[in-house]
Asks: 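What follows is a single structure, and I will ask about it in a moment.
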Amino acid sequence: MARTPKTTRFKSAKELREILDTILTEIDGDPEDGPRLSTAAAPLRLEFTDLKLAVNVRRDDGEKHCLRWDFSRRARTEPRLRLSMDSEVANRVFQGRENPAIAIARGRLRPKIEDAGGALRFFPAARPLFTRYRKLVAEKYPHLAID
């Protein structure tokens, strides 16, 4: 008997946007994770090509916040790191089910790097993003969970 692979697609760009907004809000409010991501990864642009969605993340030097993000087509500041991928690849990478280096080697995750040091710091600094993503998917978006 052939196994049918489980579909782990986002219902819409709006759903992915809600998830990213929730996660970034949590990270921004965390006194350790927010500054770490801000220092290591901002400015950053994540592009989800199949959904025609992008999120631009940059540093905010305000007293209450350390990150700013928007979902505009144009970044306000030139990103040091741009990661372009289909949303299914993002879902696998964010859940730790696909190694980013292998995804890059296979052409499923396409980086554009302005600052090599920033790119090297991104994935370790993004661990809280991935951890929160997995938790949120398990709690509120089980159709995206990968076994």
Side-chain angles (χ1 to χ4, degrees), residues 6-104 106-115 117-147:
K6 181 180 174 185
T7 301
T8 55
R9 292 185 183 268
F10 292 92
K11 292 178 182 174
S12 65
K14 181 181 176 186
E15 181 180 56
L16 176 54
R17 182 179 172 149
E18 288 171 4
I19 292 170
L20 292 171
D21 193 49
T22 299
I23 292 166
L24 289 168
T25 299
E26 289 177 9
I27 291 172
D28 186 45
D30 187 288
E32 292 178 20
D33 295 339
R36 186 177 304 127
L37 186 61
S38 173
T39 300
L44 163 72
R45 181 173 171 91
L46 299 173
E47 299 171 337
F48 309 95
T49 54
D50 58 326
L51 298 177
K52 295 181 179 33
L53 178 71
V55 61
N56 304 293
V57 181
R58 63 189 185 282
R59 187 176 314 192
D60 184 358
D61 294 325
E63 289 184 29
K64 291 185 177 183
H65 302 282
C66 54
L67 294 173
R68 281 189 179 237
W69 61 95
D70 63 69
F71 295 90
S72 66
R73 291 196 179 262
R74 292 192 150 265
R76 293 178 189 212
T77 57
E78 188 62 32
R80 292 189 319 203
L81 176 61
R82 182 185 311 248
L83 297 173
S84 179
M85 67 204 102
D86 285 346
S87 61
E88 283 191 83
V89 171
N91 189 38
R92 287 193 308 270
V93 169
F94 290 1
Q95 288 189 59
R97 301 296 190 212
E98 183 160 0
N99 182 301
I102 292 171
I104 290 169
R106 292 181 176 163
R108 291 195 293 257
L109 176 60
R110 295 165 304 280
K112 182 178 177 191
I113 302 166
E114 299 296 325
D115 172 15
L120 292 173
R121 289 186 301 271
F122 169 71
F123 286 103
R127 280 190 193 117
L129 185 142
F130 300 151
T131 301
R132 290 168 199 266
Y133 180 88
R134 281 190 302 273
K135 182 179 177 195
L136 185 62
V137 163
E139 290 174 358
K140 295 186 179 178
Y141 302 91
H143 64 281
L144 295 171
I146 300 172
D147 297 330

Asks: May I ask you to test the E98-L109 pair for a side-chain heavy-atom distance under 4.5 Å?
Replies: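 They are not in contact (no side-chain heavy atoms under 4.5 Å apart), so the answer is no.
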Asks: When you measure from the side chain of D28 to the backbone of L67, do you find a donor-acceptor pair of N or O atoms at a distance under 3.5 Å?
Replies: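 Between the backbone of L67 and the side chain of D28 there is a qualifying donor-acceptor contact (under 3.5 Å).
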Asks: Given side chains that start at C-beta, do those of D33 and L37 come closer than 4.5 Å, heavy atoms only?
Replies: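 Side-chain contact under 4.5 Å: no.
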Asks: List in chain and number order the residues that pass ring pair (Phe, Tyr, Trp, His ring centres under 6.0 Å) with F94, two or more places apart in sequence or in another chain; answer none if no residue qualifies.
Replies: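 With neighbours one apart ignored, the set is F130, Y133.
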Asks: So L46 and L53, side chain to side chain contact (heavy atoms under 4.5 Å, CB included) or not? Walk me through it.
Replies: CA-CA 8 Å; L46 299 173; L53 178 71; over 6 Å; no
Asks: Looking at P128 and A125, what are the two nearest heavy atoms and their distance?
Replies: CD-O, 3.2 Å
Asks: Considering only heavy atoms from C-beta outward, does the side chain of L20 approach that of R17 to under 4.5 Å?
Replies: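 No. Closest side-chain heavy atoms not under 4.5 Å.
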Asks: Evaluate the side-chain proximity of R132 to D30: yes if any heavy-atom separation is below 4.5 Å, no if none is.
Replies: yes
Asks: Would you compute the distance between atom CD1 of I27 and atom OG1 of T22 and round it to the nearest 0.5 angstrom?
Replies: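 OG1 of T22 is found 11.0 Å from CD1 of I27.
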Asks: Taking only residues two or more places apart in sequence, or in another chain, which ones meet T25 in a side chain to side chain contact (heavy atoms under 4.5 Å, CB included)?
Replies: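 In terms of side chain to side chain contact (heavy atoms under 4.5 Å, CB included), with neighbours along the sequence ignored, T25 is linked to D21, W69.
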Asks: Just by modelled atom types, is the E88 backbone N or O under 3.5 Å from a matching donor or acceptor in the D86 side chain?
Replies: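 No, D86 side chain to E88 backbone: no donor-acceptor pair under 3.5 Å.
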Asks: Could I get the full list of side chain to side chain contact (heavy atoms under 4.5 Å, CB included) partners for R97, not counting sequence neighbours?
Replies: R92, Q95, I146
Asks: Could you list all the salt bridge (Lys or Arg N to Asp or Glu O under 4.0 Å) pairs where at least one residue sits in residues 43-60, not counting sequence neighbours?
Replies: R45-E47, E47-R82, R58-D70, D60-R68
Asks: Looking at residues at least two apart in the chain, or sitting in another chain, which of them share a side chain to side chain contact (heavy atoms under 4.5 Å, CB included) with K135?
Replies: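 Side chain to side chain contact (heavy atoms under 4.5 Å, CB included) check on K135 returns E139.
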Asks: Could you state the interatomic distance from CG (N56) to CZ (R73), rounded to the nearest 0.5 Å?
Replies: 11.5 Å
Asks: Is the shortest side-chain heavy-atom distance between V55 and L44 below 4.5 Å?
Replies: no
Asks: Just jot down the side chain to side chain contact (heavy atoms under 4.5 Å, CB included) partners of P35, sequence neighbours excluded, or say none.
Replies: C66
Asks: In Å and rounded to the nearest 0.5 Å, what is the OG to CD distance from S12 to E18?
Replies: 7.0 Å
Asks: Working to the nearest 0.5 Å, report the span between CG of N91 and CE of M85.
Replies: 11.0 Å
Asks: Nearest 0.5 Å, what's the CZ-CZ distance between R80 and F122?
Replies: 11.5 Å
Asks: Please report the interatomic distance CG(L16) to OG(S87), rounded to the nearest 0.5 Å.
Replies: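 The CG atom of L16 sits 6.5 Å away from the OG atom of S87.
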Asks: Provide the closest heavy-atom pair for E15 versus F10 in the form atom of the first, atom of the second, distance.
Replies: OE1-CA, 3.2 Å
